[in-house]
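All ligand and atom numbering here is 1-based and tracks the order in the structure.
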Amino acid sequence: MTTQGAPLVEVKDLKMHFPITAGFPIPRQVGAVKAVDGVSFSIQPGETLGLVGESGCGKTTVGRTLLRLYPPTAGKVLYDGKDLSTLREKDFLPYRRKMQMIFQDPYASLDPRMTCGDIIGEAIDIHNLGSGKERMDRIYSLLDLVGLLPEHASRFPHEFSGGQRQRIGIARALAVEPNFIVCDEPISALDVSIQAQVVNLMEDLQDKLGLAYLFIAHDLSMVKHISRRIAVMYLGRIVEITDSDTLYARPMHPYTLALLSAVPIPDPVVEGTRQRIILEGDPPSPVNPPSGCRFRTRCPYAKEKCKEEDPKLIEVGGNHGVACHFPVGA
Ligand code: SF4
């Protein structure tokens, strides 16, 4: 779907298929896990795009493939108009600095043998961004930026709370002055009471530094607050994408409707009367997705056409894209 102005990041028909091999002594490919199977979107400078879907829908793989942590099977990733897919590793290094990641589990993503200062300093060292006093000053200012204290630099990850560890993860990502950060479920491992603090910090940093985020989450309640636009993923594809207000007020894909019906409403009267949409069964395997619409095996609105034709993501007006033959409310 189009957005105004030149995008900072553009993803075009991105595919990430993980090969399945069998046979000995010479293994051969017998299939593929189509974790991401033709995903396109763009992100403006300073914008947050939320990417939402159940576990296993491919959203984390989109983030990792975008940063070339996985080599894409097909498709393009453009940063500031430059096609990164064709670059050799050496030529990609300056772009790696501009595109960083914050991980879901702030404990597992921090080396327990390194102090907080060394964790942040490692990124500074890799990209030659300072040494000696300049390096330490930079570490202290990053700690301050994420709400930590200078004395925290000499402590180890186990000495921090979950929220503080995620702040260290954010400081590490910011150490190389990125413009774009993939936030892979950055708050889902945290206590509910801490989640809002981390989201507020990320919003403050976005305002101060002009950062763009791809904010990955498994439910819609987490992304509403922070995202200007939201893309909903199902089985390796985006099924709906639009601005967050429209998505919440007028969802058109049956899967989005089901996800939204699971978001708690903080009004007991409304919460008690509304209808939950319970999806039957688990998502199908990405090795053998269903024919036609991938959601048809769980869709309460499925018809014969859904079995035969794969619905494309088409714009239904006002930058609202839906991949469904029979969008709800159309
Ligand atoms: Fe449901 Fe058919 Fe739309 Fe797929 S195309 S979401 S099966 S109505």
Worksheet item: Without hydrogens or angle criteria, can the side chains of Asp243 and Thr246 be said to hold a donor-acceptor pair below 3.5 Å?
Response: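 A donor-acceptor contact under 3.5 Å links the two side chains.
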Discussion item. Checking side-chain polar atoms at under 3.5 Å, does Arg296 have a donor or acceptor matched by the opposite partner on Ser291?
Written reply: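 Per modelled atom types, Arg296 and Ser291 side chains form a pair under 3.5 Å.
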Fill in: Under 2.8 Å from atom 2 (Fe) of ligand 1 - protein N/O/S, by chain and number
Cys306 SG
Worksheet entry | Centroid-centroid distance, Tyr234 to His253, less than 6.0 Å |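 No, ring centres 6.0 Å or more apart.
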Worksheet entry | Within 45° cone of Phe92 ring axis and under 6.0 Å: Arg68 NZ or CZ | yes
Worksheet item: If you draw the axis of the six-membered ring of Tyr95, does the NZ or CZ of Lys82 fall within 45° of it and under 6.0 Å from the ring centre?
Response: no
Fill in: Residues which pass salt bridge (charged side-chain N to carboxylate O under 4.0 Å, His left out) with Lys133, listed by chain and number, not counting sequence neighbours
Asp137
Practice prompt. Below 4.0 angstrom from a heavy atom of His253, which ligand 1 atoms are there? Numbered from 1 as shown, please.
Written response: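 Near His253, meaning under 4.0 Å from one of its heavy atoms, ligand 1 has 6 (S).
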